[in-house]
Amino acid sequence: MKWVKFRYSYNMEYNFRETEKKWQHYWATHKTFRTENSSTKKKYYVLDMFPYPSGAGLHVGHPLGYIASDIYARYKRLTGFNVLHPMGFDSFGLPAEQYAIQTGQHPSITTEHNIARYREQLDNLALSFDWDREVRTSDPEYYKWTQWIFLKLFNSWYNTETGKTEPIEKLEEKFTLHNAQCAVGAANKSWDDLNEKERSDVLMDYRLAYLSEATVNWCPAMGTVLANDEVKDGVSERGGYPVERKKMKQWSMRITAFADRLLNDLEGIDWSESIKEQQRNWIGKSEGVEINFAIHNAQFTIQIFTTRPDTIFGVSYITLAPEHELVEKITTNAQREAVLAYVEESKNRSDRERMADIKRISGVFTGAYAIHPFTGNQIPVWVGDYVLAGYGTGAVMAVPAHDSRDFAFANHFNLERPKVIQPKNAEWDFDKESYDEKEGSCINSDFLNGLTVKDAIKKAIDEIEKRKLGKRQINYRLRDAAFGRQRYWGEPIPIYYENGIPKPVDEKDLPVILPEVDKYLPTADGEPPLARAKNWKYRPHPLPISKGEGESFPLETTTMPGWAGSSWYFLRYMDAKNDKEFAGKDAINYWQDVDLYIGGSEHATGHLLYVRFWTKALYDLGLIPVIEPAKKLINQGMIQGRSNFVYRIKDSNTYVSKNLKENHETIATNVDVNIVEDDILDIEKFRQWREENAKAKFLLEDGKYICGNEVEKMSKSKWNVVNPDDMIEKYGADCLRLYEMFLGPLELSKPWNTNGISGTSNFIRKLWRLYHQRQISNRQLAVGNEQPINTESKSDVQFLLNKFHVSEEKPDRKELKSLHKLIKKVTEDIERFSFNTSVSSFMICVNELTAMKCKKREILDPLAVLLSPYAPHVAEELWNLLGHKESVTYTKWPEYKAEFLNEDSFAYPISINGKTKMNLEISLALNKDEIEKEVMNSEEVKKLFQGQSPKKVIVVPGRIINIVV
RNA sequence: GCGGGCGUGGCGAAAUUGGCAGACGCACUAGACUUAGGAUCUAGCGCCUCACGGCAUGUGGGUUCGAGUCCCUCCGCCCGCACCA
């Protein structure tokens with residue numbers, strides 16, 4: 001029987017390999033997803049957070065958000081919107097540079113290579129991006145405008161009176177007009193008397209992008225400064241290198257000026273509560289009061305900040321941060337040695353150490369006393385590193401009875417702990433811990449006695465302001481963002497130095513192109529890599545009158561951080577090829593802002609804050625019409641890896657199966673998940689996997705080696721990476737898309753499990769089979785199969801070739817109901833981003849149609865449209881087979897018709913006091929009141945009542961009727 | 001410690017406004033077609049019970065004719081921030 005060999009022929013099934021290739025080629029050559037900047041249609045902007053093109057390529061977790069945004073973008077197109085759905089690459093960054101340091105290969109080559117790979121992977125997923133708008137942050141045509149925006153920020157200041165960003169010239173005019181007094185070093189001078197350098201220094205204190213001597217996060221291993229959000233637990237977020245605090249001259253962005261607006265404007269945007277909360281937390285607004293404490297027998301005043309002025313009478317000492325400038329000045333001679341030693345010690349303790357032993361209490365008495373502003377009592381002044389120099393005034397009034405940190409300190413050094421708040425209805429052991437709660441009433445507090453905490457805070461502030469002891473103050477935890485990086489692979493900062501005065505490069509000379517260097521490392525004197533560049537100089541024009549022809553000045557050698565390019569990229573997509581402007585006015589006015597932004601929540605306090613900051617600054621300068629970059633934000637969950645482990649018996653080459661390992665001392669190691677199936681190790685593949693495994697011995701259970709498993713972050717080092725290319729190769733892109741959506745709610749993190757993918761694969765094949773008639777294969781006949789083929793025999797049918805077939809018959813009511821149920825469900829699901837339930841609905845519909853053997857055109861036609869956002873290749877192929885000439889992208893989303901959804905009548909369960917007694921057939925056309933009447937008049941229901949009268953009748957149309965007696 | 005989110009079968013999960021809990025899929029079981037099955041089709045699949053029926057959405061309580069859903073208590077998990085005065 002020769003024909004046996006055709007059994008597994010692909011002819012039988014949907015050939016995803018061929019179909020997907022065909023349509024991807026079609027979309028690319030026809031530029032199906034190109035978007036115009038003007039249209040009579042309403043605009044809709046769907047944006048993904050663009051990726052950093054790393055060498056590892058995409059894993060199955062990355063596309064989750066891209067698929068979701070793609071579904072939404074395709075849906076919006078089909079419902080009549082002009083959709084902007086672009087993609088690009090955040091292509092400046094550390095890994096390419098690290099690789100360059102190791103290999104000498106220029107980062108642009110690595111980056112180019114990685115982008116090509118990313119592009120290929122993204123194309124395979126059939127994401128409907130308009131690639132004509134692609135942006136790359138490392139492209140000079142792009143970073144020209146990043147530099148341009150930097151100059152705008154450099155040339156702007158934040159006017160706190162108007163609450164707006166304004167050009168720096170306005171400030172200069174103001175200074176000139178009023179001949180303002182300006183702080184220069186320690187002295188005050190008039191603006192007219194200042195020289196050029198001094199004026200530059202004064203203005204620098206106002207610019208939004210500014211150079212200052214500041215304490216920064218210095219990462220010695222990477223040789224660069226990092227922003228606060230790039231440091232986690234005292235180590236760098238990328239690489240995990242230790243970070244220390246260092247004072248150095250540094251470029252920063254004055255994001256703190258926008259703190260209040262960044263906080264308040266969160267109210268108006270549809271972002272997840274958790275992201276908003278993280279940002280609120282990061283901004284850390286706290287309202288309180290600054291109070292001055294005079295030093296006994298000295299001219300100094302210590303200014304403290306507190307949010308609890310109600311506890312002012314509980315102050316028993318004052319603590320200064322070790323870095324506080326008064327420490328040196330007020331310390332008595334007797335204490336000098338001890339204090340200096342302590343300050344020195346604190347300086348050398350890194351943040352990481354300080355955080356590691358948070359419980360260690362340390363401090364030293366200065367010998368000085370402050371005077372309590374209300375009681376006139378003398379209270380000791382201490383130095384302690386639990387007080388942070390960078391927050392508030394770097395000094396606190398300590399209230400040990402009502403603040404746990406003060407309590408710990410006071411307890412340790414045996415200081416007084418006066419009680420001033422009486423806890424409400426509670427016996428509190430003040431010897432054991434402090435009472436920090438903001439509830440209770442004031443005691444031992446003079447004019448505050450008897451007031452609640454809330455009232456006392458108000459009264460105390462009023463009194464403090466009345467007596468001119470201090471004033472209301474709002475503090476933020478947010479710090480200005482470090483902007484310069486001592487690295488190569490970033491945008492050069494377009495600043496040059498003329499006689500040490502930083503000056504902006506002329507707009508006409510942008511971009512300042514990243515120069516070639518011999519090595520990507522700092523110079524021998526610790527200068528950033530750009531200092532290696534030959535002739536890293538700028539020749540301003542017109543040349544300063546006094547200078548000779550050809551004089552040039554050194555350029556800035558630090559580069560911009562990774563977040564610079566990503567803080568405005570959403571604007572560039574609007575007009576990506578514009579070489580006159582960062583984006584044209586018309587394009588900006590048409591596209592406005594992002595309607596839907598999808599990306600990971602890990603950017604909550606980084607990118608998502610910076611992009612809001614730049615948007616507000618650009619708005620103030622009249623460059624864009626919106627104050628927020630994105631109306632709606634969705635954070636897709638992370639897809640975790642499911643790692644597998646093998647257990648090697650210590651000091652041997654024997655591996656013991658999971659359930660037998662208790663009897664041995666074993667070492668667990670990650671094993672490549674690709675050689676494990678259902679936790680069963682493929683021993684042969686394991687032997688080949690690594691050289692040292694070749695002679696491995698195994699202790700098996702039931703003849704199998706069972707691996708352990710755990711859910712971990714997907715990463716190369718854990719051998720748990722599942723590559724989307726492999727999935728696409730095996731099941732096809734549509735299947736992968738459907739499965740990723742089917743896994744669960746978009747925003748939930750979930751482990752990847754390849755097992756379930758057969759479900760969506762079956763669905764696609766089932767749909768395909770439904771519209772393909774079986775026909776005898778020519779190939780089969782050619783090899784001489786002379787046996788009669790019985791089309792009823794399922795085994796015979798397998799040898800037949802498929803041919804597309806739809807029936808032109810009108811669908812009946814049941815079939816239409818199935819379809820319209822689906823339309824309604826899928827429409828609603830997409831609107832609320834519940835893609836997983838949509839996939840279920842498709843499966844139900846196809847199951848129903850298969851059961852009804854419904855192969856009708858009028859059903860498939862809308863079905864293909866509904867499916868196109870989810871499984872674009874299959875949909876496009878079916879659409880084409882149905883005889884449509886244009887891509888399914890250009891058609892219309894079907895509307896559901898309610899008349900097909902409901903039956904004419906419904907058997908309502910009638911329950912009395914919640915107990916179901918009977919079912920009653922009632923027309924669905926009736927409204928609530930009519931149903932009620934119908935029920936009350938029904939003979940059968942009357943029988944049930946037996947004379948009782950109903951108290952209440954509850955009707956839920958289409959569902960339930962309950963009668964309360 | 002503070003803040004945010006969550007808890008439903010063996011597993012991923014559904015239940016949109018308080019209205020038939022567990023849709024859909026995976027895994028599993030049985031059967032059909034088979035020389036064969038990692039194909040396809042049919043049926044079953046929360047727990048207890050031969051059955052009738054009863055019990056079930058982390059725990060305990062409350063509101064309601066009716067609670068997975070709303071309110072309170074406790075327990076557990078995940079995420080973020082954390083000496084921020």
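Naming: A, B, ... by sequence-line order, numbering from 1 per chain.
Stacking of A:Lys855 on the aromatic ring of A:Tyr771 is not recorded, the 6.0 Å distance cut-off and the 45° axial limit not both being met. For the pair A:Arg477 and A:Trp282, the cation-pi test (distance below 6.0 Å, angle within 45°) is passed.
Rounded to an integer number of Å, the gap from NZ of A:Lys821 to P of B:C24 is 10 Å. Rounded to whole Å, the distance from NZ on A:Lys730 to P on B:G38 is 14 Å. A straight line from CZ of A:Arg479 to P of B:C81 spans 17 Å, rounded to a whole angstrom. In this structure, A:Arg308 places its CZ atom 11 Å from P of B:A85, rounding to the nearest Å. Atoms CD1 (A:Ile318) and P (B:A85) sit 17 Å apart, rounded to a whole Å. One can place CZ of A:Phe305 at 16 Å from P of B:C83, the figure rounded to the nearest angstrom. Following rounding to the nearest Å, A:Tyr731 (OH) and B:G25 (P) show an atom-to-atom distance of 17 Å. In this structure, NE2 of A:His772 is placed 21 Å from P of B:A39, rounded to the nearest angstrom.
Across all strands shown, B:A13 forms no Watson-Crick or G-U wobble pair with both key distances under 3.5 Å. Nucleotide B:C70 forms a Watson-Crick or G-U wobble pair with B:G62, both donor-acceptor distances falling under 3.5 Å. The pairing partner recorded for B:C41 is B:G31, the criterion being a Watson-Crick or G-U wobble arrangement whose two distances lie under 3.5 angstrom. Nucleotide B:G3 is matched to B:C79 when pairs are restricted to Watson-Crick or G-U wobble geometry with both distances under 3.5 angstrom.
The side-chain hydrogen bond (donor to acceptor under 3.5 Å, both in side chains) test applied to A:Ser272 returns A:Asn635, not counting sequence neighbours. Every side-chain contact (heavy atoms from CB on, under 4.5 Å) that A:Ala395 has, sequence neighbours left out, goes to A:Ile302, A:Ile304, A:Leu320, A:His324, A:Thr393. Partners of A:Lys285 according to the salt bridge (charged side-chain N to carboxylate O under 4.0 Å, His left out) rule, which considers only residues two or more places apart in sequence or in another chain, are A:Asp260.
At a threshold of 4.0 Å, the pair A:Arg280-A:Glu273 counts as salt-bridged, since one of the basic side-chain nitrogens sits closer than that to a carboxylate oxygen.
Comparing A:Val396 and A:Asp829, the nucleotide of RNA chain B nearest to each residue sits closer to the 5' end for A:Asp829. Toward the 5′ end of RNA chain B lies the nearest nucleotide of A:Ser841, the other residue of the pair A:Thr605 and A:Ser841 mapping further downstream.
The stretch residues 760-767 of chain A touches RNA chain B through A:Asn762, A:Arg765, A:Lys766, each having a heavy atom within less than 4.0 Å of the strand. Scanning residues 743-752 of chain A for heavy-atom distances under 4.0 Å to RNA chain B yields A:Leu743, A:Pro745, A:Leu748.
Using a 4.0 Å heavy-atom cutoff across all strands shown, A:Ser758 reaches sugar-phosphate atoms only and no base atom. Within the nucleic acid shown, A:Asn836 comes within 4.0 Å of sugar-phosphate atoms alone, with no base atom in reach, counting heavy atoms only.
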Report, one pair per line, the protein and nucleotides 1-5 of chain B atoms (nitrogen or oxygen only) whose separation is under 3.5 Å.
unit_1, atom_1, unit_2, atom_2, d
B:G3, O2', A:Glu277, OE2, 3.1

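Using modelled atom types, one finds a donor on one side chain and an acceptor on the other under 3.5 Å when comparing A:Asn228 with A:Asn217. Donor-acceptor pairing under 3.5 Å is recorded for the side chains of A:Ser834 and A:Thr837. At a cut-off of 3.5 Å, with distance as the only test, a side-chain donor of A:Tyr342 or A:Ser362 sits close to an acceptor on the other residue.
Distance check on atom P: B:G61 versus B:C6 gives 25 Å, rounded to whole Å. Comparing B:U16 with B:G80, their C1' atoms sit 29 Å apart, to the nearest whole Å. Only the C1' atoms considered, B:U59 is 23 Å distant from B:A15, to the nearest whole Å. Comparing B:G9 with B:G68, their C1' atoms are spaced 14 Å from each other, to the whole Å. Rounded to whole Å, the separation between the P atoms of B:G3 and B:U73 comes to 13 Å. As rounded to the nearest Å, B:C75 and B:A39 have C1' atoms that lie 48 Å from one another. Comparing the C1' positions of B:C45 and B:G31 gives a spacing of 15 Å, expressed to the nearest Å. As rounded to the nearest Å, B:C47 and B:C11 have P atoms that lie 12 Å from one another.
Nearest nucleotide to the A:Asp385 side chain, out of B:C83, B:C24, B:A15: B:C83. For A:Lys825, counting side-chain heavy atoms from C-beta on, the closest listed nucleotide (B:U16, B:A85, B:G80) is B:U16. With B:A85, B:U40, B:C26 as the choices, the nucleotide that has an atom nearest any side-chain atom of A:Arg769 turns out to be B:U40.
Glycosidic conformation at B:G76 (O4'-C1'-N9-C4 for purines, O4'-C1'-N1-C2 for pyrimidines): anti, more than 90° from 0.
Using the six-membered ring where Trp is involved, A:Trp768 and A:Tyr14 have ring planes that are tilted, between 30° and 60° apart. Ring geometry for A:Trp382 versus A:Phe413: interplanar angle of 30 to 60°, hence tilted. Using bins of under 30°, 30° to 60° and over 60° for the plane-to-plane angle, the ring pair A:His607/A:His603 lands in the perpendicular bin.
Between A:Asn753 and the phosphate of B:A27, there is no side-chain N or O to OP1/OP2 separation shorter than 4.0 Å. Contact between the side-chain N/O atoms of A:Tyr386 and the OP1/OP2 oxygens of B:A85 is not found at any separation under 4.0 Å.
Judged by distance alone, the side chain of A:Ser761 and the main-chain N or O of A:Ile757 form no donor-acceptor pair under 3.5 Å.
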**OP:** Apply the test side chain to side chain contact (heavy atoms under 4.5 Å, CB included) to residues A:Phe293 and A:Leu469: give CA-CA distance (whole Å), side-chain angles for both, the deciding distance (0.1 Å), then the verdict.
**Re:** CA-CA 8 Å; A:Phe293 283 73; A:Leu469 302 169; over 6 Å; no
